[in-house]
Number of protein chains: 2
Amino acid sequence: MRYEIEAVADRLREVRDAKQLSQRELSRLAGVPQAQISRIESNSVDLRLSSLVAIASALDLEIALVPRKAVPAIKSITRQTTDRTVIQPPTIGKEMQQLQKAIRALQIDAPTLPELDDLRRAAASLQRLQIDTRFLDNLRSVRHTIESANITEQWNGIFEAANSMKALRIQIAHFKPENEQRSANRPAYSLDEDDDDA
Amino acid sequence: MRYEIEAVADRLREVRDAKQLSQRELSRLAGVPQAQISRIESNSVDLRLSSLVAIASALDLEIALVPRKAVPAIKSITRQTTDRTVIQPPTIGKEMQQLQKAIRALQIDAPTLPELDDLRRAAASLQRLQIDTRFLDNLRSVRHTIESANITEQWNGIFEAANSMKALRIQIAHFKPENEQRSANRPAYSLDEDDDDA
DNA sequence: TTTTTTGATGTGTTTTACGATATCAAACAT
DNA sequence: ATGTTTGATATCGTAAAACACATCAAAAAA
């Protein structure tokens, strides 16, 4: 298969990963079976345009046919437009992922809840901060609040959760700005992928 | 079918038109049957990605999956990057089309001919000028020179043709710059599409 | 550890794109 | 007027995508 096709497949997975969606979640959003998404991402099918559009739309992407010589400029714009996520320590990263997932679940079960937007905003603003591992339990606690509120349908729990998150944001922001770092690619903590077995 | 798919189909036709390629010519370039191209452009099939890539490549386009919010910026870049063609009076426009076609034919029959690039450049530079109808015969003559050179395989005719075009360019450029007009959308002459039957 | 989630892969069936080929009317060129 | 080109269609056969399932091992969460 042509490299351009592979590039499309790679890009779809890249964006899905960036949005931290599982294939099953994307499947629901796009109306395409999970098995099919897997096959598409692993580039083992010559997918139809309708499938591509469905998945791309679900990922908030549009298909653009652009002149070859405009490609570099367009890549640049795309990069600028894409929100870069702060890279968190692994445990924090995973917990944030869970948090997002809890919020998405909430969106499905109670889409009209007025606090939902508030909650999403609070979470998004957290994402942009470098979060120390010592806040892990706070994050967990917030998530549990959301989850049980969702189960028991006691929506005032959501209100609490949003407030906790805002408070937490202030705490985190005020904590140790000595540990300076930009939104860069290189994390401040040491990645655990140091295969130093010597 | 979804509007995004229609948009792709429309864009393919738009670019093909802009490049003044017939479906059959594009067919040869892309390795896709003309019938299929027709079906695709009229949006009566849900084409596969491989087909899209083949056709897009032949049109010198790439497929980009871009964030929705970047779309306006990307459209703008695409527009800037796309060469705008001067709109000629109908007769001139058609003759220039024929000329391009003759050159393309030449490219197929004698791809290694050294003057070919020269010829193409000369034609391209003509395209950017506003050409008065009085030069119609000159253009025709140049084209005939090329065509018969191609048939008789007397390639020195191509050399002549290229020189004639360069001379013609100077003539045209020096002629009546009073008839001022930018590369705009609105032509200086009156379009023949005035359905005044009264 | 136990349970859940995730991505990959398999199967059988239906639908559809695709290619090859041919035809045709309308536009166009000579 | 005559010949050529163009885009749209039609038919037929084949290959392949899409879908609805169903697993399953590995990773992750509890």
Side-chain angles (χ1 to χ4, degrees), chain A residues 1 5 9 12-13 16-17 19-28 30-55 90-102 104-105 136-137 139-140 143-144 147-148 151 192, chain B residues 1 5 8-10 12-14 16-17 19-28 30-55 90-102 104-105 136-137 139-141 143-144 147-148 192-193:
Chain A
M1 274 203 194
I5 297 184
L12 288 179
R13 190 193 293 267
R16 179 175 66 80
D17 280 345
K19 294 206 186 260
Q20 303 188 340
L21 290 168
S22 71
Q23 289 183 348
R24 281 178 170 82
E25 286 173 304
L26 177 57
S27 163
R28 224 186 34 76
V32 173
Q34 176 266 329
Q36 188 64 8
I37 291 181
S38 170
R39 282 186 269 253
I40 289 170
E41 288 188 350
S42 58
N43 200 17
S44 58
V45 286
D46 184 4
L47 81 168
R48 304 218 182 132
L49 187 52
S50 60
S51 303
L52 180 57
V53 166
I55 296 174
T91 48
I92 295 289
K94 283 172 189 161
E95 182 53 35
M96 286 302 288
Q97 214 163 319
Q98 303 270 105
L99 214 172
Q100 295 286 6
K101 197 165 162 183
R104 280 201 299 272
L136 185 60
D137 286 343
L139 288 174
R140 265 207 248 274
R143 169 160 67 93
H144 288 143
E147 285 170 346
S148 49
I151 293 169
D192 303 7
Chain B
M1 275 200 193
I5 298 182
V8 169
D10 289 349
L12 288 179
R13 192 193 291 267
E14 172 194 320
R16 179 176 66 79
D17 281 346
K19 293 206 187 260
Q20 304 190 338
L21 291 168
S22 71
Q23 289 184 346
R24 281 177 171 82
E25 287 173 304
L26 177 57
S27 162
R28 221 184 39 75
V32 173
Q34 176 266 329
Q36 187 65 5
I37 292 181
S38 171
R39 282 186 282 242
I40 289 170
E41 288 188 350
S42 58
N43 201 16
S44 58
V45 287
D46 184 2
L47 81 169
R48 306 223 180 123
L49 187 51
S50 59
S51 303
L52 180 56
V53 167
I55 296 174
T91 48
I92 295 289
K94 282 171 190 161
E95 181 53 37
M96 287 302 288
Q97 215 162 319
Q98 304 269 106
L99 214 171
Q100 296 286 5
K101 197 165 162 185
R104 280 201 300 271
L136 185 60
D137 287 343
L139 288 174
R140 264 206 251 273
S141 147
R143 168 161 65 93
H144 288 143
E147 285 170 345
S148 48
D192 302 8
E193 45 176 332

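Just so you know, these numbers use all the heavy atoms, side chains as well, and skip hydrogens, waters and symmetry mates. We name chains A, B, ... by the order of the sequence lines, and we start the count at 1 in each one. In this text, all values refer to a predicted model and were calculated from it rather than measured experimentally.
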**Q** Given atom CZ of A:Arg13 and atom P of C:dT6, what is their separation to the nearest angstrom?
**A** 14 Å
**Q** Is the backbone of B:Leu99 close enough, under 3.5 Å, to the side chain of B:Arg143 for a donor and an acceptor to pair up by distance?
**A**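 No.
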**Q** Rounded off to whole Å, could you give me the NE2-to-P distance for the A:His144 and D:dA29 pair?
**A** 12 Å
**Q** Could you pick out which residue, B:Arg48 or B:Gln34, lies toward the 5' side of DNA chain D when each is mapped onto its nearest nucleotide?
**A**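 Result of the comparison: B:Gln34.
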**Q** In whole Å, what is the span from the CZ atom of B:Arg28 to the P atom of D:dT5?
**A**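 Computing the B:Arg28:CZ to D:dT5:P distance gives 14 Å.
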**Q** Rounded to whole angstrom units, what separation is found between the CG atom of A:Leu136 and the C1' atom of D:dA30?
**A** 14 Å
**Q** For B:Ser51, answer base if it contacts any base atom (sugar-phosphate contacts may also be present), sugar-phosphate if it contacts only those atoms, and nothing otherwise; contact means non-hydrogen atoms under 4.0 Å.
**A**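 It contacts sugar-phosphate atoms only.
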**Q** Backbone N or O of B:Ser50 within a donor-acceptor pair of the A:Asp46 side chain at under 3.5 Å?
**A** yes
**Q** Select base, sugar-phosphate, or nothing to describe what A:Arg140 touches, counting heavy atoms under 4.0 Å on all strands.
**A** nothing
**Q** Nearest-nucleotide wise, let me know which of B:Leu47 and B:Ala35 is further upstream toward the 5' end of DNA chain C.
**A**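 So the residue in question is B:Leu47.
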**Q** Can you tell which of A:Arg39, A:Gln23, A:Arg28, A:Glu25 makes a side chain to side chain contact (heavy atoms under 4.5 Å, CB included) with A:Gln34?
**A**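 Of all the options given, the one that passes is A:Gln23.
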**Q** Across the strands shown, which category fits A:Ile37 at heavy-atom distances under 4.0 angstrom: base, sugar-phosphate, nothing?
**A** nothing
**Q** Is any side-chain nitrogen or oxygen of B:Ser38 closer than 4.0 Å to OP1 or OP2 of D:dG7?
**A**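 B:Ser38 to D:dG7 OP1/OP2: no side-chain N or O under 4.0 Å.
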**Q** Does any part of the side chain of A:Lys19, heavy atoms only, come nearer than 4.5 Å to the side chain of A:Leu26, both counted from C-beta?
**A** no
**Q** Check the distance between C:dG19's P and A:Asp46's CG and give it to me in whole angstrom.
**A** 10 Å
**Q** Under 4.0 Å between any heavy atoms, over every strand shown, what does B:Ser22 touch: base, sugar-phosphate, or nothing? Just pick one.
**A**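 Result for B:Ser22 = sugar-phosphate.
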**Q** Begin from the C-alpha positions of B:Leu12 and B:Leu52 and carry the test side-chain contact (heavy atoms from CB on, under 4.5 Å) through to its verdict.
**A** CA-CA 9 Å; B:Leu12 288 179; B:Leu52 180 56; 3.9 Å; yes
**Q** Is any side-chain heavy atom of A:Arg104 closer than 4.5 Å to one of A:Leu21?
**A** yes
**Q** Closest nucleotide of DNA chain D for A:Ser50 versus for B:Arg39: which of these residues is on the 5' side?
**A**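 Between the two, 5'-proximity favours B:Arg39.
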**Q** In this structure, how many angstroms lie between the C1' atom of C:dA29 and the CG atom of B:Asp137, rounded?
**A**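 After rounding, the gap between these two atoms is 15 Å.
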**Q** Are side-chain heavy atoms of A:Asp137 and A:Arg140 found at a separation under 4.5 Å?
**A**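 With C-beta onward as the side chain, the pair touches.
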**Q** Would you say A:Lys101 reaches C:dT4's phosphate, i.e. side-chain N/O to OP1/OP2 under 4.0 Å?
**A** no
**Q** CD of A:Glu25 versus P of C:dT4: gap in Å, rounded?
**A**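 From A:Glu25 CD to C:dT4 P: 17 Å.
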**Q** Could you list the protein-to-nucleotides 24-28 of chain C atom pairs, N/O on both sides, closer than 3.5 Å?
**A**
none

**Q** How long is the line joining CD of B:Gln36 and C1' of D:dG7, in whole Å?
**A**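 Between C1' of D:dG7 and CD of B:Gln36: 14 Å.
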